[in-house]
Amino acid sequence: MALAHHVDAEKIISESRDHPVRKHTHDRKATLLDIPYTSRYDVETELPRFSIPETGVNAKVSYQLLHDELLLDGNPNMNLASFVNTWVPDECNRLMYENLNKNLVDQDEYPAAQAIHERCISMISHLWHAPKDATALGTATTGSSEAIMLGGMAMKKRWQEKMKAAGKDIHNPGPNIVMGAEAQVALEKFARYFEVEDRLVPVHAESGYVMDPKEAMKYVDENTIGIFVIMGSTYTGSFESVKGMSDELDKYQEETGIDIPIHVDAASGGFVAPFVYPDLAWDFRIPRVNSINASGHKYGLASVGLGWIIWRSAEYLPKELIFELHYLGQTDYSFNLNFSRPAFPVLSQMFHFLNLGFSGYKRINENNLSKARLISRALEASGYFTCLSMIHKPVNQGLSNISPVITTAASNVIHGHLPEIDDPNYYVAGLPVCAFKFTDETKQKYPNVKQEWIQSQLRAIGWIVPNYPLPPAEDKSEILRVVVRESLSGDLARKLILDIISVTEGLINGSGPSFAMSVAARGQSISSPTTAKRGDTLDTDHIADHTNTYAKTC
């Protein structure tokens, strides 16, 4: 059994302090809950952990306390589990620092920041091919989650108005929304929080682990407020077919007269597809697309805390969702869930638009995709892994039909050799993601080696590479996933490949997992499936029965 199962560590710490009669050269008692460098600063205050201290300490000590505690965090640049950008240039950092105290909602007080916000909306609208004969409408949000809520609410409100105009009941059976089972949890949150039935379309290997438009049509009816189409699966990075979904809905409308809109969740793909897949129709070029969201803090390269939503024209944002404000110095309009929000993430976005331009974003995305292809080919060439992500597969070739030039490149990857074909459009479109798992042969040959051990062993080195199950219907399979961002240099990518192969061979050759991993595995083996889940203080049975994305890696 693990020690923590039986021992109250906090009680031990309390009982292990110096007794007053055993004080030595210092007239205050030492404690593991102490603030740092107390002897140097002669601080007499002991800070409680879970309540506000009666007496504070000076700024230097406060900084040192938090600075040292945060050293326990992982290295953001080696966090390959996240799509969120972790690096900006020094000039961008300076710009954000200079504007930390500006509230974007206060348009009268900070008109320049608001003007930059509006210019960003215009630039993104053009990037996503908003109709020239209409005025696209949009706003910054605190992330794609808020943007998805706004897009979903707009579709729900328009559906309610349509049903009321037809004299139909909006409560029984009520609205529903259709999405693939690989949807990020924010989409399912919208449905639950705003009382919309979520209809999850199962995904399978045959559909590339994303929603099949034809399969999705089995879930729509007159109460469907819209369909979430995902441009960049959080599992494999694959794009769902917006055009294919639109074509199916066009046929459905011709047959039934029911008009069902599309909202594109382009949280990651919205700042990838326009630059490297310019001919891919996924945005407002498709008339059925009412709205699009994206995360500026992902491949938009802005600092964390920024999302965007754009409607193709003002008519797709119901007026009931727009609030008129008079108490900030002038008449302002708001259609966000949040009211106050910082201006600096928006300024970070504009910095990158100006600094990089279209060619800069294209260059960075192509480089990311090239490194993701490199990692994918190398891992497959090792013989231990197969990739479920598709961005290294040539278009119009089968899953196992890889051209000789690619196979040669993979076998020579350790020496830094790259394939001659570097045009992303030669390959299946997607995000710069490598999703991989043990081959069937590896699992059969080494049945005692658990794939999840690779995640833990890599974490000991410093890499954060998550291992998690695929969506429902395929959740008996687990994958490891690497998200390539700008901060992953070519040298780090090469080091990552070497570390993954080295860790795998170490496990295969009998070195086994670390002691901590052995304890964790043993603890899971003696626990029931329910108690093994994260969140001991939560009603995990209820959560599992009512959601399909709880605790899944995002």
Side-chain angles (χ1 to χ4, degrees), residues 74-86 144 180-186 203 205 208-210 230-240 265 267-269 272 295 298-299 368-380 382 384-393 399 427-439 442-443 450-459 461-472 474-488 492-493 495-497 499-501 503-504 534 548-554:
N75 183 340
N77 283 354
M78 297 178 73
N79 178 8
L80 306 183
S82 176
F83 289 90
V84 176
N85 186 44
T86 57
S144 274
E182 88 284 11
Q184 206 265 359
V185 69
V203 300
Y209 302 101
V210 295
I230 302 168
M231 279 294 289
S233 164
T234 190
Y235 289 88
T236 63
S238 299
F239 293 160
E240 292 184 342
D265 173 25
S268 296
V272 174
S295 295
K298 292 180 181 174
Y299 290 107
N368 288 341
L369 285 163
S370 178
K371 285 178 284 194
R373 292 194 297 269
L374 176 75
I375 295 168
S376 301
R377 297 173 189 134
L379 293 180
E380 288 195 330
S382 74
Y384 301 127
F385 302 102
T386 183
C387 290
L388 281 67
S389 49
M390 301 289 291
I391 49 94
H392 64 301
K393 307 285 188 182
L399 296 180
Y427 306 95
V428 176
L431 300 177
V433 167
C434 174
F436 58 104
K437 65 176 184 176
F438 278 152
T439 63
T442 301
K443 288 187 288 187
K450 296 182 180 297
Q451 184 175 287
E452 64 189 278
W453 290 350
I454 294 176
Q455 169 185 324
S456 300
Q457 296 286 62
L458 289 173
R459 182 61 185 263
I461 299 171
W463 300 109
I464 302 176
V465 178
N467 180 87
Y468 56 96
L470 286 166
E474 293 287 345
D475 55 358
K476 292 184 179 179
S477 297
E478 294 184 345
I479 60 171
L480 292 149
R481 188 195 65 189
V482 169
V483 177
V484 176
R485 303 188 305 276
E486 181 186 12
S487 54
L488 185 73
L492 280 178
K495 180 67 166 60
L496 172 68
I497 295 167
D499 285 343
I500 292 174
I501 293 175
V503 162
T504 303
R534 280 186 283 178
N548 291 289
T549 54
Y550 171 71
K552 295 291 194 295
T553 305
C554 300

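All values below were derived from every heavy atom in this structure, side-chain atoms included, with hydrogens, water molecules and symmetry-related copies excluded.
Between the OG atom of Ser376 and the OH atom of Tyr427 there is a distance of 11.0 Å, given to the nearest 0.5 Å. Taking CD1 of Ile501 as the start and CG of Leu496 as the end, the distance is 9.5 Å to the nearest 0.5 Å. Annotation: the span from Gln451 atom CD to Lys443 atom NZ amounts to 7.5 Å, rounded to 0.5 Å. How far CE of Met231 is from CG of Asp265: 10.5 Å, rounded to the nearest 0.5 Å. Between the CG atom of Asp475 and the CG atom of Leu470 there is a distance of 8.0 Å, given to the nearest 0.5 Å. Rounding to the nearest 0.5 angstrom, the gap separating the CD atom in Glu452 from the CD atom in Gln457 is 11.5 Å.
When side chains are defined from C-beta on, Glu240 counts as touching Glu182, because their heavy atoms get closer than 4.5 Å. A 4.5 Å side-chain heavy-atom check between Ile391 and Val433 finds every atom pair outside the cut-off.
Scanning all heavy atoms of the two residues, the minimum distance from Thr439 to Thr386 falls at CG2-N, 3.7 Å. Contact detail for Ile375 and Ile497: the closest heavy-atom pair is CA-CD1, 3.9 Å. In terms of heavy atoms, Met390 sits closest to Ser238 at CG-OG, 4.5 Å. Closest heavy-atom contact between Val210 and Ser233: CG1-CB, 4.1 Å. In terms of heavy atoms, Val465 sits closest to Gln455 at O-CG, 3.2 Å. When every heavy atom of His392 is checked against every heavy atom of Cys387, the shortest pair comes out as CE1-CB, 3.6 Å.
In this view, Glu486 satisfies the side chain to side chain donor-acceptor pair (under 3.5 Å) rule with no residue, not counting sequence neighbours. For the side chain to side chain donor-acceptor pair (under 3.5 Å) test, no residue two or more places apart in sequence or in another chain qualifies with Ser389. For Ser268, there are no side chain to side chain donor-acceptor pair (under 3.5 Å) partners, not counting sequence neighbours. For Asp499, the side-chain contact (heavy atoms from CB on, under 4.5 Å) partners two or more places apart in sequence, or in a different chain, are Leu458, Ile461, Trp463, Lys495. Scanning for side chain to side chain donor-acceptor pair (under 3.5 Å) contacts around Ser487 gives Thr86, with sequence neighbours left out. The side-chain contact (heavy atoms from CB on, under 4.5 Å) check on Ser144 picks up Ala267, Asn293, Ser295, with sequence neighbours excluded. For Phe438, the ring pair (Phe, Tyr, Trp, His ring centres under 6.0 Å) test picks out Phe385, with sequence neighbours left out.
Under a 3.5 Å cut-off, the side chain of Arg481 and the backbone N or O of Thr236 do not form any donor-acceptor pair. Arg485 contributes a side-chain N or O that, together with a main-chain N or O of Ser82, makes up a donor-acceptor pair within less than 3.5 Å. Without hydrogens or angle criteria, Lys371 side chain to Leu488 main chain gives a donor-acceptor distance under 3.5 Å. Between the side chain of Thr442 and the backbone N or O of Tyr384, at least one donor-acceptor pair lies under 3.5 Å.
For the ring-ring contact (aromatic ring centres under 6.0 Å, His included) test with Tyr235, the passing option among Phe83, Tyr209, Tyr468 is Tyr468; the others fail.
A donor and an acceptor atom, one from each side chain of Asn467 and Glu478, are located under 3.5 Å apart.
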Q: Show the numbers, then the answer: is there a side chain to side chain contact (heavy atoms under 4.5 Å, CB included) between Ile464 and Arg459?
A: CA-CA 5 Å; Ile464 302 176; Arg459 182 61 185 263; 3.8 Å; yes

